[in-house]
Amino acid sequence: MKNQEIARIFNEIADLLEIKGDNPFRIRAYRRAALNIEGISTSIENLTKEEMLKIPGIGQDLSDKIENYIKTGHIPILEDLKSEIPEGLLRIMAVPGVGPKTAKMLYDKLDIKDIEDLERLATEHKLSTLPGIKSKTEENILKGIEMLKRGRERQPIGKVLPLANEIIEYLKKKSPISKINLAGSLRRWKDTIKDIDILASLASSRDPISVMSLFAEMPNVKEVLSKGTTRSSVIIKEGIQVDLRLVDADSYGSALAYFTGSKNHNIKLREMAVKKGLKINEYGIFTEKDNKKLGGKNEEDIYRILGLPYIEPELREDTGEIEAAMDGRLPQLISLEDIQGDLHVHSQWSDGSHTFEELVEAAKSRGYSYFAITDHSKGLGVARGLTEERLMEQVNEVNALNKRLKGFRILQGIEVDIKSNGSLDFDDEILKMLDIVIASIHSGFKQSRDQITSRLIAAIKNPYVNIIAHPTGRLIGERDAYEIDIEDVMNAAREAGTAFEINAYPARLDFNDIYAKKAKELSIPLVISTDAHIITNMDYMKYGVSIARRSWLQKDDVLNTLSIEKLLKRLKNRIKTA
Ligand code: DGT
Ligand code: CA
Ligand code: ZN
């Protein structure tokens, strides 16, 4: 699948055009196309020209470029731009938070060749001698460099999972594998992933060497780290390591448990086994005394023989799941099928790509009976936020459409911006006319902890705000969560009856599993929403649900599992639980 590759190239072209000071509309067109390509779940190579032209933001010119790239592996405009712009400058631009202007200035004045130069000069405070660079900027550059290094180590699950699934499909199709599974952090659906762990077992009498060769020679392999009969490791073009392990069918279950982890979960299980006179390893579960194998073909064996119910992979972090299993207190985890609608969706009216009709079709085809249209409010100029007048026009259009829809309902909402001073972008008079109000922060991320905490609490307390969207503002690999007093924020939400969103957008996944679990413990309601800007983003719901599952959430902890009637009632009552 070349989607991510092409998206990366288009973003790179946009960066380079930005350095050159090219036309902003042209730059934005490339970025938008990149975003939309990244969001589609089918391989772009498999699309016909007509289908490609239907992707929002892809016109004749870009679709020609894509086709040419698929055919030849070249995008001439990128190569031209690269030859015009020095390598060192490109490297500086890769640091999160360093825009093209700053990068160019640093490059021109200081002859920085790579990130190491930049890091050294920032540490020695040599940057702040330049015009326009404050010591705060220097600090941010160092933070950005650290994030860049960390980002290379761990990637968002939304990037890694599609690649992993593609590898599994490839191996399944091409080789005589009888069982194959993801293991490690991917199977536990952690929000970021270090490497891809795959476990497989061959149909008996099959030759492991041929499977390992097939693996090592996959088209997207960049480097083979090791190749053996039971384990091989490669690095794929996207820079991620992939490990494939082959095991015997009769220890498949114990190997799967072992390599799924987490390490701490496994250690706890082994301690428990020892107390029972048993021994667990990747080959099976045995008696300690005479080494008799009691099980290991299926993963359930391990838990059953220890006297435990099956523990879902998402819970295996040693955060109390084994104790809960012993006491019969494991949650009945929410699943994707429980979701009845998406409560955070953008349309063409602001920075989304689709009409209401298209969104209704998309929601229906995902089995939903409602979605909330939550375009941005006016303060967010870059996202073409709605003025009061435009919002009222939207209300009329949604009302008219709702009259025609059978068994489906669009909730009229807004994603109202929480301004720097904590006030909202619209008056209560406006907000109270809507079915649903979600509020979120899009600016002033560098304010002090106290300031941001009060901003959030002010929004939480507003009687018309139902949900706080992407509550901590993090963008994985790009921007850390802003600092807040989470205790105060949660207490305010509990008192006011305001819900928190688990934003399913792969770069956000915000709330994370730790905060969402805490919210549940305080009986604060949660919603899982995609923040879709194009239809295919709605498929990100599964990532949000996985965060919810890792947070021990059940169906009844999540508001968008409710039927439309019940949901509307809860929204009217400010979501209040009691
Ligand atoms: P990651 O790769 O950092 O995203 O997270 P994991 O959990 O996939 O970690 P990884 O790839 O190092 O190891 C995969 C699984 O293999 C891990 O979850 C449990 C198992 N494992 C690895 N090393 C050890 C170990 O030293 N002891 C035990 N008990 N299990 C291990
Ligand atoms: Ca791993
Ligand atoms: Zn949004």
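Please read all numbers here as calculations on a predicted model, not as lab measurements. Both counts, for ligands and for their atoms, begin at 1 and track the order of listing.
Contact check on Lys237 versus Glu166 returns no salt bridge, with no Lys/Arg side-chain nitrogen under 4.0 Å from an Asp/Glu carboxylate oxygen. By the 4.0 Å N-to-carboxylate-O rule, Glu317 lies close enough to Arg550 to be salt-bridged with it. Taking 4.0 Å as the cut-off between side-chain N and carboxylate O, Arg390 and Glu393 count as a salt-bridged pair. Salt bridge Asp435/Arg409: present, at least one basic N to carboxylate O contact under 4.0 Å. Between Arg474 and Asp191, at least one side-chain nitrogen of the basic residue sits less than 4.0 Å from a carboxylate oxygen of the acidic one, meeting the salt-bridge criterion. Comment: Glu299 does not engage Lys179 in a salt bridge, judged by the lack of any side-chain N to carboxylate O separation of less than 4.0 angstrom.
The part of Asp197 lying near ligand 1 is the side chain, judged by heavy-atom distances below 4.0 Å. Contact annotation for Lys190 and ligand 1: no heavy atom of the residue comes within less than 4.0 Å of the ligand.
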* What do the steps show when you test Met433 against Val395 for side chain to side chain contact (heavy atoms under 4.5 Å, CB included), and what is the final call? -> CA-CA 9 Å; Met433 296 162 67; Val395 168; 5.9 Å; no
* To do: Decide yes or no on side-chain hydrogen bond (donor to acceptor under 3.5 Å, both in side chains) for Thr530 and Asp342, but give the supporting numbers first.
  => CA-CA 7 Å; Thr530 64; Asp342 197 331; 2.6 Å; yes
* Output, in order, the C-alpha distance, side-chain angles, deciding distance and verdict of side-chain hydrogen bond (donor to acceptor under 3.5 Å, both in side chains) for Asn264 and Ser262. => CA-CA 5 Å; Asn264 290 341; Ser262 67; 5.4 Å; no
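Protein heavy atom in closest approach to atom 23 (N) of ligand 1: Lys263 CD, 4.5 Å. Closest protein heavy atom to atom 1 (P) of ligand 1: Ser185 OG, 3.4 Å. Regarding atom 15 (C) of ligand 1, its nearest protein heavy-atom neighbour is Phe259 O, 3.2 Å. Scanning the protein heavy atoms around atom 3 (O) of ligand 1, the nearest turns out to be Arg154 NH1, 2.9 Å. Of the protein's heavy atoms, Gly261 CA, 3.2 Å lies nearest to atom 18 (O) of ligand 1.
A side-chain contact (heavy atoms from CB on, under 4.5 Å) with Ile534 is found for one member of Arg32, Glu358, His354 and no other, namely His354.
Note on ring orientation: taking the six-membered ring where Trp is involved, the planes of Tyr303 and Tyr310 are perpendicular (angle over 60°, cut-offs 30° and 60°). Ring-plane geometry between Tyr505 and Tyr540 is classed as perpendicular, the angle between the planes exceeding 60 degrees on a 0 to 90 degree scale with a lower cut at 30.
Although no hydrogens or angles enter the test, the distance criterion places no donor-acceptor pair under 3.5 Å between the side chain of Ser377 and the main chain of Val416.
There is a protein heavy atom closer than 4.0 angstrom to atom 20 (C) of ligand 1. The presence of a protein heavy atom under 4.0 Å from atom 6 (P) of ligand 1 is confirmed. Using a 4.0 Å threshold on non-hydrogen atoms, atom 12 (O) of ligand 1 counts as touching the protein.
When rounded to 10 degrees, the angle formed at the Zn ion (ligand 3) by OD1 (Asp531) and NE2 (His344) equals 80°. The Zn ion (ligand 3) is the vertex of the angle joining OE1 of Glu415 and NE2 of His346, which measures 90° to the nearest 10°.
Close to ligand 1: Thr260, with a non-hydrogen atom less than 4.0 angstrom away. Within the 4.0 Å heavy-atom cutoff, Arg270 counts among the residues contacting ligand 1.
Atoms of ligand 1 lying under 4.0 Å from any heavy atom of Arg188, numbered from 1 in the order shown and given with element: 7 (O), 18 (O). Heavy-atom contacts of Gly184 reach the following atoms of ligand 1: 8 (O) (cutoff under 4.0 Å).
For a threshold of 3.5 Å applied to N or O pairs, the pair formed by Asp195 and ligand 1 contains at least one separation below that value. Of the N or O atoms in Lys194, one or more lie within a sub-3.5 Å distance of an N or O in ligand 1.
Here Glu169 pairs with Lys172 under the salt bridge (charged side-chain N to carboxylate O under 4.0 Å, His left out) rule; sequence neighbours left out.
Shown are the protein N/O/S atoms under 3.0 Å from the Ca ion (ligand 2), given by residue and atom: Asp195 OD1, Asp197 OD2.
The shortest distance between side-chain heavy atoms of Tyr370 and Leu343 falls below 4.5 Å.
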